[in-house]
Number of protein chains: 2
Amino acid sequence: MSKRTRNLEKTRAHIMEAAFIQIYRNGFQGVSVADIVEKTNVTKGAFFHHFPTKQALGYAIADETLREMVLDRWIRPLAAYRNPVRGILKQLRKIIEATTEETLVFGCPLNNLIQEMSAVDPIFGEKLRSVMGMWVDEVEKHLRKGQSGGYLMQTVNPRQLAEFVVMVHEGVFGMAKSLKDKKVMWSLYDSLKEHLSYVSGKSGDRKKSG
Amino acid sequence: MSKRTRNLEKTRAHIMEAAFIQIYRNGFQGVSVADIVEKTNVTKGAFFHHFPTKQALGYAIADETLREMVLDRWIRPLAAYRNPVRGILKQLRKIIEATTEETLVFGCPLNNLIQEMSAVDPIFGEKLRSVMGMWVDEVEKHLRKGQSGGYLMQTVNPRQLAEFVVMVHEGVFGMAKSLKDKKVMWSLYDSLKEHLSYVSGKSGDRKKSG
DNA sequence: TTTTTAACATATCAAATGGTATGTTGTCAA
DNA sequence: TTGACAACATACCATTTGATATGTTAAAAA
């Protein structure tokens, strides 16, 4: 019964949560403030109490929601693997397995927003670029560590491979969304797996690709 | 002086041309009919004489403009190459070389529209999917032909490789747009080159990758 | 030359849009 | 207990939106 009826942070979080889903499904420009408010139990007045403009909401989603999603889904899980190649593949595999019809159709929230908004609104673009940059940087770090451990051939350029890996991640969701076909995700997964097998250090412990 | 002041086809083409540029830069949902008409020498009345709705214009751009662009930029040039790996790389290289600051920032028109609209409007999605499907199909055909000619290892699956190649093409532009950096295009190009070198048949005539 | 048609232009509209001005009331410090 | 403020709600607004109704006039057919 200690439930307060007014709570700045929680209300803000609720608005952002509802907004994220709506934007994910309809695009930033395809969602109105009225749409967002409708999915919340607050009013338009509350919305503009928390966010000065609709843009500001978008920026907050980029800075907070999307950044946290990338950290949670792609970056933090990598730390559990000593072999970066194994880690990257395992993680991608998990995400593909968890891909529902909804995710298939709506694609990657980060990629959607980048393609839609980064050229339209330079500040939006900068914030999204920051998230992408972090993603690539972290994959690169992880690859460097693995290279020191002998899991990657010394000849490979970790930065280049990191860019490639992140590109494939986005590409997997982009193609699946384009073709509306989950099978293509596995097809691309297999291609990435082959690619990584060529740059893997210790030949080791993986079964042959079927 | 034989210039007619009224010409159905030309006016339609002008509207679509102006609309394509505006949509390319601002997204479909970010462009109003007034915006489009402003960049043309016709009025809003003319617009709706040629297109029943704004949607219909979008569909026409997908069906005609985008399909023709993919054919012209990616598919038809491949026919000039017997070795599909060489053809794919040469073509991608040309496009990257021709990439201006504008193209870098605005990305791939097809990919932009897919990520923005395919989930929002299913009919739009279907039309864009048709273009993507054609692209993959044609690359696959080209790879099959090359495989018969011994330019591709017999073990490679042409469909899988075609999907991968198209995904990388879109991915190159997507990443470059994300990071606002042309160098990443070359980085990804090099990765694709390495990938293709592993599946190339005749070891032949390519200099080593640096 | 006249008629007819369709390729446009002009004027207008209802709905939706992002945003504001102005209330109302929970909540906490004093 | 009370006063003050911030967390909301309500009502409203100018502008933009996609679209229509209704003109006007090139231009092909008769």
Side-chain angles (χ1 to χ4, degrees), chain A residues 1-23 25-62 64 113 116-117 120-124, chain B residues 1-23 25-62 64 113 116-117 120-124:
Chain A
M1 292 297 158
S2 68
K3 197 153 200 177
R4 285 188 300 172
T5 64
R6 293 185 179 185
N7 188 323
L8 187 69
E9 290 175 25
K10 278 194 179 176
T11 303
R12 191 185 123 102
H14 281 146
I15 293 172
M16 284 182 67
E17 202 175 331
F20 172 79
I21 295 174
Q22 290 301 111
I23 291 169
R25 296 188 182 168
N26 300 99
F28 183 75
Q29 300 184 116
V31 167
S32 69
V33 177
D35 289 336
I36 294 166
V37 159
E38 201 178 308
K39 303 283 174 181
T40 318
N41 51 351
V42 298
T43 61
K44 200 183 265 196
F47 180 94
F48 284 102
H49 181 71
H50 289 269
F51 303 97
T53 63
K54 188 192 166 194
Q55 278 181 34
L57 165 76
Y59 298 167
I61 285 178
E64 302 167 37
L113 227 46
E116 184 194 355
M117 293 306 298
V120 171
D121 181 337
I123 297 175
F124 219 139
Chain B
M1 291 294 160
S2 68
K3 197 154 201 178
R4 285 187 301 173
T5 64
R6 292 185 180 183
N7 188 322
L8 186 69
E9 289 176 25
K10 278 193 178 176
T11 302
R12 191 184 123 103
H14 281 146
I15 293 172
M16 284 182 67
E17 202 175 331
F20 173 79
I21 294 173
Q22 290 302 110
I23 293 169
R25 295 187 181 168
N26 300 99
F28 183 75
Q29 300 183 118
V31 167
S32 69
V33 177
D35 290 336
I36 294 166
V37 159
E38 201 179 308
K39 303 283 175 181
T40 318
N41 50 352
V42 298
T43 63
K44 203 181 263 195
F47 180 94
F48 283 102
H49 180 70
H50 288 270
F51 303 98
T53 63
K54 188 194 167 193
Q55 277 182 34
L57 165 76
Y59 298 167
I61 284 177
E64 302 167 38
L113 227 44
E116 184 194 356
M117 293 306 298
V120 171
D121 180 336
I123 297 176
F124 219 139

How long is the line joining [atom1] of [X] and [atom2] of [N], in whole Å?
| X | N | atom1 | atom2 | result |
| --- | --- | --- | --- | --- |
| A:Glu9 | C:dT27 | CD | P | 15 Å |
| A:Asn41 | D:dA9 | CG | P | 8 Å |
| B:Leu8 | D:dA26 | CG | P | 17 Å |
| B:Asn7 | D:dT25 | CG | C1' | 16 Å |
| B:Glu38 | D:dT16 | CD | C1' | 13 Å |
| B:Phe51 | C:dA7 | CZ | C1' | 14 Å |
| A:Gln29 | D:dG18 | CD | P | 12 Å |
| B:Phe48 | C:dC13 | CZ | C1' | 13 Å |

B:His50 vs C:dA7: side-chain N/O to OP1/OP2 distance below 4.0 Å: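 Negative; the distance criterion is not met.
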Audit row: B:Leu8, B:His50, side chain to side chain contact (heavy atoms under 4.5 Å, CB included) steps and yes/no: CA-CA 8 Å; B:Leu8 186 69; B:His50 288 270; 3.3 Å; yes
Closest-nucleotide 5' rank along DNA chain C - winner of B:Arg12 and A:Val33: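 Checking each residue's closest nucleotide, the 5'-ward one belongs to B:Arg12.
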Within this structure, what is the [atom1]-[atom2] distance for the pair [X] and [Y], rounded to the nearest 0.5 Å?
| X | Y | atom1 | atom2 | result |
| --- | --- | --- | --- | --- |
| B:Thr43 | B:Glu38 | OG1 | CD | 13.0 Å |
| A:Thr5 | A:Lys10 | OG1 | NZ | 11.5 Å |
| B:Phe20 | B:Leu113 | CZ | CG | 9.0 Å |

Counting only side-chain heavy atoms from C-beta out, which of [options] sits nearest to [X]?
| X | options | value |
| --- | --- | --- |
| B:Arg6 | C:dG18, D:dT24, D:dG18 | D:dT24 |
| B:Thr5 | D:dA19, C:dC8, D:dA26 | D:dA26 |
| A:Lys54 | D:dA19, C:dG18, D:dA7 | C:dG18 |
| A:Lys44 | C:dG18, D:dA19, D:dG18 | C:dG18 |
| A:Thr53 | C:dG19, D:dC8, D:dG18 | C:dG19 |

cation_pi(B:Lys54, B:Phe47) dist<6.0 Å, angle<=45: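 Negative - B:Lys54 is either too far from the ring of B:Phe47 or too far off its axis.
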5′-ward residue of the pair A:His49/A:Gly45 relative to DNA chain D: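 Residue closer to the 5' terminus by nearest nucleotide: A:His49.
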Touch class at under 4.0 angstrom, heavy-atom based, for B:Thr43 against every strand present: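 Base, at least one base atom sits under 4.0 Å.
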Sugar-phosphate, base or nothing in reach of B:Val31, heavy atoms under 4.0 Å: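 Sugar-phosphate, no base atom in range.
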